[in-house]
Amino acid sequence: HVQLVESGGGSVEAGGSQRLSCVVTDDANEFEWIGWFRPDDKGERVGVAVIDRDGRTGYLDSVKDRFTISRDGTKNTVYLQMNKLKPEDTAMYYCGASRVIMTPTQALTTSSLFRFWGQGTQVTVS
């Protein structure tokens, strides 16, 4: 039974930083893609940052040069380092995992291909 457990959310002032963690209770290398998602204005999850098992990454345009995704295979953990946070980054952030082979763009834009999800962690920027 695969579980994804997020942590690291909270409140931060604009311009500040936070690091989110996603621990996969199974072997994270079994998944082609692990990523961080947040709801858009319509409530649908959109990719913020994704990383595949080979280290390829993809980022939402609005977070490029501010957010960095990384994975530690020894800890089955994926991190999202968020810098220069803006109020519009306020959201519930969800960690998702997929076994589907796809491009970074597909991984960012097709949350339906991610079968496994965590409960989410709230990030509030004021």
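Only a predicted model underlies this, so the values are computations on that prediction, with no experimental measurement involved.
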From CA spacing to verdict: side-chain contact (heavy atoms from CB on, under 4.5 Å), Y93, M82: CA-CA 12 Å; Y93 284 73; M82 305 184 293; 4.2 Å; yes
Scan for side-chain hydrogen bond (donor to acceptor under 3.5 Å, both in side chains) pairs involving residues 1-22, sequence neighbours excluded, and state none if there are none. S17-N83
Quick one: closest heavy-atom pair of P104 and G58, and the distance? CB-CA, 4.3 Å
Is it the case that atom CD in Q119 sees more than 12 heavy atoms from other parts of the structure closer than 6.0 Å? no
Are F31 and F116 an aromatic pair by the rule of ring centers under 6.0 Å? yes
Please assess D26 against E30 for the test side-chain contact (heavy atoms from CB on, under 4.5 Å), listing each intermediate value before the final yes or no. CA-CA 8 Å; D26 207 337; E30 289 189 5; 3.8 Å; yes
What residue pairs, at least two apart or across chains, pass salt bridge (charged side-chain N to carboxylate O under 4.0 Å, His left out) with a residue in residues 74-93? R38-D89, R66-D89
Over 12 foreign heavy atoms within 6.0 Å of CZ, R115: no
Should W33 and F114 be marked as a side-chain contact (heavy atoms from CB on, under 4.5 Å) after you check the CA-CA gap, both sets of side-chain angles, and the distance that decides it? CA-CA 8 Å; W33 289 93; F114 285 72; 3.9 Å; yes
Quick check against the 3.5 Å criterion: does T103 have a side-chain atom that pairs as donor or acceptor with the backbone of Q106? yes
Report the distance from atom OG1 of T57 to atom NZ of K64, rounding to the nearest 0.5 Å. 9.5 Å
Please tell me whether W36 and V5 are part of a single hydrophobic cluster in this structure, the criterion being side-chain heavy atoms less than 4.5 Å apart. no
Counting only pairs under 3.5 Å, give me each side-chain donor-acceptor contact of residues 40-51, with atom names and distances, residues two or more places apart or in other chains.
| residue | atom | partner | partner atom | Å |
| --- | --- | --- | --- | --- |
| D40 | OD1 | K42 | N | 2.9 |
| D40 | OD1 | G43 | N | 3.0 |
| D40 | OD1 | E44 | N | 2.8 |

What is the minimum heavy-atom distance between M102 and R56, and which atoms define it? O-NH2, 3.5 Å
Restricting to non-hydrogen atoms, name the atom on G120 and the atom on M92 that form the minimum distance, rounded to 0.1 Å. C-SD, 3.6 Å
Write down the atom of C95, the atom of I34, and the distance for their closest heavy-atom approach. SG-CG2, 3.9 Å
Please report the interatomic distance CG(L85) to OG1(T90), rounded to the nearest 0.5 Å. 8.5 Å
Compare every heavy atom of I69 with every heavy atom of Y59, then report the nearest pair and how far apart it is. OH-N, 2.9 Å
Connected via hydrophobic side-chain network under 4.5 Å: L80 and V63: yes
Donor-acceptor contact below 3.5 Å, side chain S98 vs main chain V100: yes
Centroid separation W117 to F37 less than 6.0 Å: yes
Rounded distance [0.5 Å steps], OH in Y79 versus CG in L20: 12.0 Å
